[in-house]
Amino acid sequence: MKNYSKKLISDHNSDLTREELAAKIKELSEKNKQLDFIIKNSSDFTFILNKNLFFIGYYQNKNYLKLFVPPKFFIGKKINDIGFPKNTLKKLTNAIKMCISLNEKVIIEYNLTIQNEKRWFRANIFNFLNSENNLEIYCLVNDITDKKNILDELSKSEKRFRTLIGNIDIGILVQDINSKIIISNNASLSLLGLTKEQLLGKSSFDENWNIIHEDGSNFPSHEHPLPVCIRTCKPVNNIIMGVFRPISNDRVWLFVNAQPNFSANGILENVICTFQDITKRKESEEKIKERTSQLFNANQELESFSYSVSHDLKAPLRVINGYAKILEEDYFNILDNYAKDLIKSILWNSNYMGLLIKNLLDFSKLGKQNLSTTFLNMDNLIEEICSDLITNELKNRLELKISKLHSINADYILIKQVWVNLILNALKFSNKKENQIIEIWSEKIDNMNKYYIKDNGVGFDIAFKHNLFGVFQRLHSQEEFEGTGVGLAIVKKIIDKHNGKIDVESEVNVGTCFSFTLPNNKDI
């Protein structure tokens with residue numbers, strides 16, 4: 001800053017005593033220091049120009065370390081001689097001229113390339129008359145590059161965010177703490193069938209939307225996600241709402257979430273509600289429910305029909321079997337060989353049909369039978385079954401390998417039937433082997449127990465696997481292996497009833513391995 005002490009002495013030495021004058025000089029010197037400190041520290045750079053745009057002063061804040069320019073680079077030079085780029089020079093000179101003509105502060109921003117880096121500056125330009133009545137122009141310049149880069153990045157980020165929100169297929173509403181909608185995206189307008197003008201300012205529980213629960217009951221306004229979120233200041237998630245759209249006169253089902261949004265000091269500012277259209281999913285679910293109900297009813301009717309038919313067939317079958325036995329016992333000696341063979345065939349087929357009817361009745365009863373779950377020690381159960389099924393003769397040529405089995409909660413009678421059918425199946429189809437081998441083991445997989453039974457029997461072509469568990473479905477002829485084709489169907493139905501699954505792997509002349517899973521939780 002200029003020192004005005006000498007002028008002050010010449011102007012006032014006739015009116016002031018030397019002591020008073022010294023005091024004035026000291027006071028002015030202090031003010032000069034204060035002003036100098038303010039100018040040097042209020043900006044990164046300070047330029048002082050005269051009315052002819054020559055630099056008469058230059059200061060640089062010592063804390064600004066991006067670059068250093070010595071004062072002699074500017075002092076005494078005209079602004080045109082500094083080397084500013086043409087556009088920047090024009091912007092600066094126009095701003096200075098405006099400041100002078102309007103006698104008001106002017107603020108401009110400009111950029112310079114310094115050391116191959118583009119940097120932005122903001123200049124506050126103002127003027128005043130000094131004590132000698134000369135015009136001086138002050139330019140207080142700050143480097144705003146970092147701030148501008150942050151603002152530019154924020155602007156780009158906000159643009160990306162708005163583009164994303166505008167094009168996402170999830171409806172988004174921002175509502176203030178008074179429940180009024182202040183922001184909406186395109187998807188929300190489409191889902192609700194409204195324009196932005198029709199939506200903004202409303203609440204999300206407008207009575208015209210006639211919002212309902214899944215069961216069709218009214219959805220009270222105090223239970224809506226928004227007021228609950230405002231009241232509790234906690235997220236509200238996974239709410240399903242049926243919203244009536246008055247303009248299109250239809251109802252849309254929405255999956256809604258509400259998230260509170262807080263200010264930096266923890267005060268609730270607004271709530272962000274997101275919602276998805278699940279109308280098609282709801283319609284599919286209703287169709288599935290209807291179809292499931294139809295299948296259940298059809299299955300019930302089929303089971304009742306099978307039971308009735310099986311039960312009603314038993315009486316005439318007993319008559320046929322009875323008359324055939326009378327012929328065999330009372331008239332066998334007077335019949336020729338052909339007639340005797342016919343009677344034997346009638347008896348065998350009637351007995352076989354009786355077995356079929358019994359199995360079919362057992363299968364039908366499974367659909368009506370309730371589970372009676374209890375703790376099952378599988379090791380004890382398998383030991384009990386094997387002692388009943390495996391004869392002493394069979395033990396001589398059967399290698400039975402049983403590993404430690406996982407216990408389970410299940411229906412004792414039904415699971416016993418599963419093992420009986422599977423073990424008999426393994427014994428039957430490995431019977432032609434000189435050395436029969438049957439292996440039984442189990443493993444635990446997540447929340448399921450998986451049990452296996454493997455034999456070294458005749459096996460089958462795995463391409464016919466899907467036929468194996470149907471009623472009366474057989475992969476071998478009656479001449480090869482006796483059976484009714486119901487045993488494995490019963491096994492599958494029991495496993496299904498326990499919410500488990502059954503599977504099979506097989507190879508011709510190598511053997512077959514059945515596996516089934518049962519939930520290892522306490523409740524089926």
Side-chain angles (χ1 to χ4, degrees), residues 1-4 7 31-164 166:
M1 294 295 295
K2 291 184 178 179
N3 195 317
Y4 300 103
K7 187 176 187 304
K31 288 183 177 179
N32 279 342
K33 289 179 181 179
Q34 292 173 4
L35 182 59
D36 185 57
F37 177 83
I38 292 170
I39 290 175
K40 287 182 178 180
N41 291 278
S42 61
S43 60
D44 294 329
F45 308 97
T46 301
F47 301 102
I48 306 173
L49 300 95
N50 61 20
K51 64 180 181 180
N52 297 318
L53 302 187
F54 280 88
F55 286 92
I56 59 175
Y58 169 77
Y59 303 93
Q60 180 173 334
N61 191 324
K62 64 181 180 180
N63 294 318
Y64 181 73
L65 304 175
K66 299 292 183 183
L67 71 153
F68 173 75
V69 182
K72 65 181 181 180
F73 182 80
F74 295 99
I75 302 301
K77 295 180 182 179
K78 196 171 184 179
I79 193 170
N80 302 38
D81 302 327
I82 295 302
F84 285 121
K86 188 176 180 179
N87 291 338
T88 303
L89 178 63
K90 184 178 180 181
K91 182 179 282 190
L92 282 168
T93 53
N94 287 342
I96 292 171
K97 290 175 182 178
M98 184 184 297
C99 173
I100 294 171
S101 64
L102 298 177
N103 196 29
E104 291 181 355
K105 183 173 73 170
V106 176
I107 301 174
I108 63 167
E109 291 183 4
Y110 62 93
N111 65 77
L112 296 172
T113 300
I114 301 172
Q115 297 175 355
N116 297 320
E117 181 184 6
K118 186 177 182 180
R119 301 201 69 81
W120 283 89
F121 300 90
R122 178 182 286 120
N124 288 270
I125 304 171
F126 60 91
N127 69 82
F128 74 97
L129 294 173
N130 62 21
S131 58
E132 297 174 350
N133 207 32
N134 293 323
L135 183 70
E136 292 183 353
I137 299 100
Y138 279 71
C139 299
L140 276 63
V141 182
N142 283 291
D143 187 334
I144 60 169
T145 306
D146 294 342
K147 183 185 295 185
K148 194 167 185 66
N149 287 340
I150 292 172
L151 291 175
D152 287 347
E153 191 58 41
L154 285 173
S155 177
K156 292 177 183 176
S157 177
E158 182 179 358
K159 186 177 180 181
R160 288 194 296 267
F161 175 75
R162 289 187 178 276
T163 301
L164 174 64

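- Between Phe121 and Ile108 there is no side-chain heavy-atom pair separated by less than 4.5 Å.
- Closest approach of Thr88 and Asn111 over heavy atoms only: OG1-O, 3.4 Å.
- The salt bridge (Lys or Arg N to Asp or Glu O under 4.0 Å) contacts involving residues 86-111 comprise Glu109-Arg122, Glu109-Lys148, where partners must be two or more places apart or lie in separate chains.
- Contacts of Thr93 classified as side-chain contact (heavy atoms from CB on, under 4.5 Å), with partners at least two apart in sequence or in another chain: Leu53, Ile79, Leu89.
- Around the CG atom of Asn87, the shell of radius 6.0 Å holds no more than 12 heavy atoms that belong to other residues, nucleotides or ligands.
- Side-chain contact check for Asn130 versus Glu136: some heavy-atom pair is nearer than 4.5 Å.
- The side-chain heavy atoms of Lys78 and Asn50, taken from C-beta on, include no pair separated by under 4.5 Å.
- Annotation: the span from Lys118 atom NZ to Asn149 atom CG amounts to 10.0 Å, rounded to 0.5 Å.
- Across all their heavy atoms, Thr145 and Trp120 have their closest contact at OG1-N, 2.7 Å.
- Atom CD of Glu117 has more than 12 neighbouring heavy atoms from other residues, nucleotides or ligands inside a 6.0 Å radius.
- Applying the 6.0 Å contact sphere to NZ of Lys77 captures more than 12 heavy atoms from other residues, nucleotides or ligands.
- Taken to the nearest 0.5 Å, the CG atom of Leu140 stands 7.5 Å off from the CG atom of Asn142.
- Annotation: side chain of Asn127 is in contact with side chain of Asn103 (closest heavy-atom distance under 4.5 Å).
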For this session: Apply side-chain contact (heavy atoms from CB on, under 4.5 Å) to the pair Cys139 and Leu49, showing each step before the final yes or no.
Result: CA-CA 8 Å; Cys139 299; Leu49 300 95; 3.9 Å; yes

Exercise. Leu135 and Phe128: side-chain contact (heavy atoms from CB on, under 4.5 Å), yes or no, with the steps?
Worked result: CA-CA 6 Å; Leu135 183 70; Phe128 74 97; over 6 Å; no

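- Applying side chain to side chain contact (heavy atoms under 4.5 Å, CB included) to Arg119 and the options Asp143, Leu112, Thr113 leaves one that passes, Asp143.
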For this session: Could you check Ile75 against Phe54 for side-chain contact (heavy atoms from CB on, under 4.5 Å), going step by step and ending with a plain yes or no?
Result: CA-CA 8 Å; Ile75 302 301; Phe54 280 88; over 6 Å; no

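- In this structure Phe74 satisfies the ring pair (Phe, Tyr, Trp, His ring centres under 6.0 Å) test together with Phe47, Phe55, Tyr58, sequence neighbours excluded.
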Problem set entry | Stepwise side-chain contact (heavy atoms from CB on, under 4.5 Å) check, Lys51 with Ile100 | CA-CA 9 Å; Lys51 64 180 181 180; Ile100 294 171; 5.6 Å; no

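- Using a 4.5 Å heavy-atom cutoff, the side chains of Asp44 and Val141 are not in contact.
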